[in-house]
There are 2 protein chains.
Amino acid sequence: MPKREGTTIAGKRDPKTRVKPTLDEIAERANTSRSTVSRAFSRPDLLNPKTVAQILAIAEEIGYRPNNMARALSTGRTGNIGLLVPDIANPFFPPLIKAIQSQADALGLCLFLGSSGESGARENTLFERLAGQTDGIILASTRLSEAQVKIHAARHPITLINRDMAGLPRVLIDTQAAVMEAVGFLAENGHRHIAYLSGPKESWSNQQRMEAATEACRRTDMRLSIIPLSEPSFEGGEAAAEEAVAAGVTAILAFDDLTAQGAHARLSALGIDVPRDISLIGCDDALPAMTYPALSTLSGLSQEAGRHALKLLCDAIEHRDGSQDMKVVLGARFILRDTAGPAPAGDAKDRDRS
Amino acid sequence: MPKREGTTIAGKRDPKTRVKPTLDEIAERANTSRSTVSRAFSRPDLLNPKTVAQILAIAEEIGYRPNNMARALSTGRTGNIGLLVPDIANPFFPPLIKAIQSQADALGLCLFLGSSGESGARENTLFERLAGQTDGIILASTRLSEAQVKIHAARHPITLINRDMAGLPRVLIDTQAAVMEAVGFLAENGHRHIAYLSGPKESWSNQQRMEAATEACRRTDMRLSIIPLSEPSFEGGEAAAEEAVAAGVTAILAFDDLTAQGAHARLSALGIDVPRDISLIGCDDALPAMTYPALSTLSGLSQEAGRHALKLLCDAIEHRDGSQDMKVVLGARFILRDTAGPAPAGDAKDRDRS
DNA sequence: TTGAAAGCGTTACCAC
DNA sequence: GTGGTAACGCTTTCAA
């Protein structure tokens with residue numbers, strides 16, 4: 001390793017100025033030791049106030065910035081956390097990321113972001129890379145297998161969002177009650193046959209919703225067509241909408257808002273009016289805040305989820321041993337807006353006939 | 001610093017297994033030196049292939065992961081890059097972030113994300129924090145003052161997105177031609193008075209658009225009402241739309257898609273039909289891919305911008321000295337969709353009268 | 001082709 | 001209250 005005193009980039013006025021001031025630099029100027037300077041930052045209470053003041057002044061003067069890497073190497077704490085999401089472009093995630101980011105900020109933590117493109121393999125690589133530079137990682141609705149999550153969890157603190165694995169801290173947005181409400185609303189409004197556009201099979205959220213929809217339809221004696229989405233995207237929603245129409249439903253419950261919007265677009269293209277001809281309900285409440293017309297949906301709570309997740313993660317990082325089976329469940333609700341209403345008259349007749 | 005051999009978390013089978021295997025660990029097992037093991041990873045070509053193979057095997061067996069922090073401390077390279085955006089929830093950014101993320105991924109770089117909540121002060125703090133753990137930072141349309149950017153740039157490689165500062169590598173999405181196209185379209189379709197919903201004053205993009213709109217209206221002899229947005233959000237768009245209506249325009253050009261959607265919502269709430277009564281044009285093409293009805297807009301190119309930005313940043317990191325004034329300009333275009341069309345008949349009469 | 005050893009910038013233990 | 005010093009895990013020069 002070469003000496004790299006007074007490297008290329010020139011100092012300001014002081015000829016002695018190095019590129020990056022260090023603790024030793026300050027120690028020298030303050031005529032004190034490295035340890036004392038270090039303490040001036042980490043535990044000033046242990047020091048003579050005058051010493052602290054002097055050190056801080058010098059630090060300020062020469063523009064000292066503590067080196068996180070060195071600190072991390074020594075303490076084993078990085079002050080960073082990681083967040084892995086399947087697709088940052090999916091509107092469900094930005095609010096969640098934002099919530100986590102701003103809370104991390106408040107805690108003085110920096111955020112590593114990984115967007116895996118819905119690929120489990122990529123997620124593994126990303127996890128591996130992030131694990132080395134973070135104190136813990138939040139896994140949001142990822143495509144990782146249970147086994148893989150467990151392996152990772154054994155090495156590194158983890159918090160899960162929308163995935164229910166016993167033994168790991170997790171926060172779940174429970175949409176089952178909301179799905180029931182929504183289906184109940186449709187039943188009361190004369191609908192007899194509805195579709196559920198089903199998302200990724202591995203998705204806990206999707207399993208929950210499908211299960212609730214099935215149960216709710218059973219109770220209300222409605223017919224349910226489950227239509228799998230080719231992918232949880234706008235385009236996926238478009239294609240699925242067509243199938244729903246072919247199936248003859250009068251209402252569509254979509255896996256999420258994005259697919260609901262795709263469905264809306266396709267329905268309109270087919271000359272089908274929402275909600276006059278077909279009612280449409282999304283999920284997550286991610287898009288309605290930025291789109292018109294206002295989509296009926298199930299409330300999202302992604303921000304609350306983010307906040308809780310970070311909190312759980314921090315707890316997990318603190319006492320890595322006492323892994324009490326922490327689990328936070330947030331209950332979503334049905335939000336009626338402009339895209340859902342009574343079944344069309346023709347269908348009401350169907351009901352009379354039957 | 002205490003010895004922390006065989007810490008809490010138990011090894012698998014080998015009683016000697018520490019929590020985190022290190023180079024020395026491998027060296028010991030392979031009966032070789034730390035240096036050799038290090039080289040087996042960084043410069044295997046310098047070593048006897050057999051030695052390399054043996055080392056790699058052992059590494060694999062005990063699950064060795066190089067410690068990024070230590071490596072960074074020694075080399076001065078972190079392998080991380082930072083990205084600062086004003087608001088990740090603004091739909092312009094996710095695609096951009098995604099593009100940068102996936103390319104960073106391909107290059108083996110990890111991404112630090114900072115979302116500043118549109119606050120310059122916060123951005124400074126974030127920058128400071130990220131600078132210590134990244135090799136370079138991409139600043140996307142931030143609210144930092146020129147002076148501050150310069151200060152930061154002097155210490156740390158930077159690339160700018162949508163900000164035109166000479167001397168720094170930057171990528172710009174030029175929407176002026178697109179604005180001209182859009183205004184031209186409106187002029188040809190009988191509009192005589194339009195509004196521009198103006199975004200943040202410090203925003204380069206906003207300045208560009210406003211300037212182009214002004215010039216285009218001058219040329220086509222149209223009246224232009226500039227309406228400042230209280231904030232570049234859905235709500236901001238709603239409020240501004242009301243002012244636009246009061247001003248009596250027949251078309252609205254919005255700062256971005258999000259504000260356009262807000263405007264759309266308010267117009268509809270007021271019983272004003274888009275595009276029959278008022279034409280509406282957004283900018284960035286961020287939302288149309290996930291909303292219905294399809295918004296007319298100016299193409300976004302945020303993904304291309306992201307790709308170029310990362311490329312420029314990497315260049316800047318390589319040869320930190322030869323700061324050739326790199327500047328990439330991407331030209332946006334007007335995209336006509338469902339929300340813009342001819343001026344209402346009544347207005348056409350206005351024109352006849354004048 | 002390999003090894004020894006000197007850093008990188010901190011922290012934290014131990015002694016004064 | 002303060003200072004010396006050994007880590008933290010890795011890279012890289014220099015010598016063998």
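Letters A, B, ... are given to chains in the order of the sequence lines, protein chains preceding strands, and every chain is numbered from 1. Heavy atoms only: backbone and side chains are in, while hydrogens, waters and symmetry mates are out. Remember, it's a predicted structure, so these values are computed and weren't measured experimentally.
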key: Those residues of residues 32-42 of chain B lying under 4.0 Å from DNA chain C by at least one heavy atom   = B/Thr32, B/Ser33, B/Ser35, B/Thr36, B/Arg39
task = Using a cut-off of strictly less than 4.0 Å between a heavy atom of the residue and any atom of DNA chain C, enumerate the qualifying residues of residues 43-54 of chain A by number.
result = none
Could you tell me which residues satisfy salt bridge (charged side-chain N to carboxylate O under 4.0 Å, His left out) with [X], sequence neighbours excluded, listed by chain and number?
X        : answer
B/Lys98  : A/Asp87
A/Arg122 : B/Asp105
A/Asp24  : A/Arg34
B/Glu128 : A/Arg65

Take atom [atom1] of [X] and atom [atom2] of [N], then tell me their distance rounded to the nearest Å.
X        : N      : atom1 : atom2 : answer
B/Leu23  : C/dG3  : CG    : P     : 13 Å
A/Asn67  : C/dG7  : CG    : P     : 18 Å
A/Glu25  : C/dT10 : CD    : P     : 10 Å
A/Asp24  : D/dG4  : CG    : P     : 11 Å
A/Met69  : C/dT11 : CE    : C1'   : 17 Å
B/Leu73  : D/dC10 : CG    : C1'   : 8 Å
A/Arg77  : D/dC8  : CZ    : P     : 18 Å
B/Gln133 : C/dC8  : CD    : C1'   : 16 Å

query = With A/Phe93, which residues qualify under ring pair (Phe, Tyr, Trp, His ring centres under 6.0 Å), at least two apart?
reply = none
Counterpart residues, ring pair (Phe, Tyr, Trp, His ring centres under 6.0 Å), relative to B/Phe112 (two or more places apart) = A/Phe112
ask   = Have B/Thr51 and B/Gln54 got a donor and an acceptor in their side chains that come within less than 3.5 Å?
value = no
message = Distance alone, cut at 3.5 Å: any donor-acceptor contact between the side chains of B/His308 and B/Thr159?
response = no
remark   = Those residues at least two apart in sequence (or on a different chain) that pass side-chain hydrogen bond (donor to acceptor under 3.5 Å, both in side chains) with B/Arg143 are B/Glu118
inquiry  = Once ring pair (Phe, Tyr, Trp, His ring centres under 6.0 Å) is applied, what residue pairs with a partner in residues 34-88 of chain A remain, sequence neighbours excluded?
reply    = A/Phe41-A/Tyr64
query = Once you build an axis from the first five pairs and another from the last five of the helix from C/dT1-D/dA16 to C/dC16-D/dG1, how far apart in angle are they, to 10 degrees?
reply = 40°
key: side-chain contact (heavy atoms from CB on, under 4.5 Å) partners of B/Pro44, counting only residues at least two apart   = B/Val52
task = Check every strand shown and say whether A/Arg65 touches a base, only sugar-phosphate, or nothing at a heavy-atom separation below 4.0 Å.
result = sugar-phosphate
